[in-house]
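Notes to accompany the following structure.
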2 protein chains.
Amino acid sequence: MSEEPKPRRRQARGERRIAQLLQAAASVFCANGYTASSTNAIAREAHVSPGTLYQYFPNKEAIAIELGERLLHQMREAHGQAFTPENLALPLPGLLDAVVDPLIEFNCANPAFLALMHGSEVPGRIAEEHDELHATLLTRVQEVIAHYAPALPAEDRLRTAGMAFAAFKGGLDLVLAAPEGAERDATIAELKTLLLRYLSPLVESPSVESHSVESHSVESPVTTTPSR
Amino acid sequence: MSEEPKPRRRQARGERRIAQLLQAAASVFCANGYTASSTNAIAREAHVSPGTLYQYFPNKEAIAIELGERLLHQMREAHGQAFTPENLALPLPGLLDAVVDPLIEFNCANPAFLALMHGSEVPGRIAEEHDELHATLLTRVQEVIAHYAPALPAEDRLRTAGMAFAAFKGGLDLVLAAPEGAERDATIAELKTLLLRYLSPLVESPSVESHSVESHSVESPVTTTPSR
DNA sequence: GGCAAACACGAGTGATCACTCGCGTTTCAC
DNA sequence: GTGAAACGCGAGTGATCACTCGTGTTTGCC
């Protein structure tokens, strides 16, 4: 009944191979989707034989699960620093910068994440974990909305959070489709404008009418630890 | 060299079989995605032998293409009546109703459409046709925006149209995920609210606010050829 | 009624895929 | 140095899939 049926001692070489294989898998999954990707193709992309691949993963699904879990973990880190309490003190445009930018950046850097999470063809395990992350993010967004609009009924708050998140995901696709550079930056700015216009009417403040919409500061001086 | 290498006379029974097979294919593709769907599974869903299936379609891809084209055609009809000139005379909320409702309804009635269009695993032909439809819709949205905000520069108009469309797609996913009934209706209303709040500041009215909301001159206005 | 063609079947075929196995090589604790 | 274990290989294996074929049934036209 011990919980360690795998007392496998990994050498440093093995850890390197695993990382190499996961990177190759990310590339292949991203290009062809999970189902259409063959394990042989992943091994080839990693310049490794099929047998070597199966030394580190029991089957194809396990590759996707391990990759998905690593990406999920990174994603949680990214959104963890996005929803810090001090960001809540910011005015809405500043908060949007603080929340949107890290999430965008993560998805730009790891396109395999969306490819693995979005398909209806992924192994059930990934879908479950993704739902969990989704629920977590939704809760975070709800908390933010509750902070800015405490008078809003909970039901409306849930709907608003869901719609804001859905619109963000749609905009994210657009950002990822844009060539990186000026055009992508402009698309990101436009996405923030959309979210700002959607959420602005909810915040309770004396004279909110004549506020400038534009103020996306590139960075705020409250950054404590620069991300690795 | 004639253009009719297929002088195949179809009987009424054959047409019925084709419709039956396409409906089964829609169901199976929708549940499993294109790649993971087997032709045998489609034939089984249609209560037909594999041989019968291949009497009407030369290969698996042709099934998806025929289904995609039929859905695309219906979709064009739906959005054709969405963007009629008389709808342009409506105030913005009315226009949103007139445009959003038919598109939502179509996608609710034909969930296979998004399943077939969205995946990166679909045969190239479908992707091309989808891009075409996407471009058409974008142009329509641009025209609408141009009608409501004639002073907006073309570049901003394109960006705005793209973002509005992207947000709509995100909201559409949310609507489709909602159980039909009151909750779905509320989600649809919320989606319209989002689009209204995003687009409202663009319409020019007599006593408009002091300053234009838009001024993100993030880059110089030298637009070279935008990539395809 | 008779005939040709469309329709229907389902076992079969070749290709591909996930995965295995036997054997040789490298690493490391002692 | 030596032995055990981790690493690495690639041909091989069974299953599955897209697709075919030989044969029998139904339909429409004369």
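Letters A, B, ... are given to chains in the order of the sequence lines, protein chains preceding strands, and every chain is numbered from 1.
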Take atom CD of Glu15(B) and atom P of dC7(C), then tell me their distance rounded to the nearest Å.
8 Å
Quick one: list whatever passes side chain to side chain contact (heavy atoms under 4.5 Å, CB included) with Ala24(B), sequence neighbours left out.
Ile42(B), Glu45(B), Ala46(B)
Tell me whether the side-chain N/O atoms of Arg17(A) come closer than 4.0 Å to OP1 or OP2 in dG8(D).
yes
When rounded to whole Å, the CZ to C1' distance for the pair Arg44(B) and dA8(C) reads 18 Å
Any residue meeting side chain to side chain contact (heavy atoms under 4.5 Å, CB included) with Glu143(A), in chain and number order, not counting sequence neighbours
Thr139(A), Arg140(A)
Does a donor on one side chain sit under 3.5 Å from an acceptor on the other, for Lys169(B) and His118(B)?
no
Nearest-Å distance, CZ (Arg10(A)) to C1' (dG8(D))?
13 Å
Residues forming a side chain to side chain contact (heavy atoms under 4.5 Å, CB included) with Lys192(B), sequence neighbours excluded:
Asp97(B), Val100(B), Asp101(B), Ile188(B)
Starting from P on dA6(D), measure out to CZ on Arg16(A) and report it in whole angstrom.
17 Å
Rounding to a whole Å, what distance do you find between Gln55(B):CD and dC9(C):P?
10 Å
Taking protein heavy atoms under 4.0 Å as touching, what does nucleotides 10-30 of chain D look like 5' to 3' if B marks base contact, S marks sugar-phosphate-only contact and - marks none?
B-------SBB------S---
Tyr56(A) vs dA6(D): side-chain N/O to OP1/OP2 distance below 4.0 Å
no
By ring-ring contact (aromatic ring centres under 6.0 Å, His included) - contacts of Phe83(B) (at least two apart)
none
Ser49(A): side chain to side chain contact (heavy atoms under 4.5 Å, CB included) partners, not counting sequence neighbours
Thr52(A)
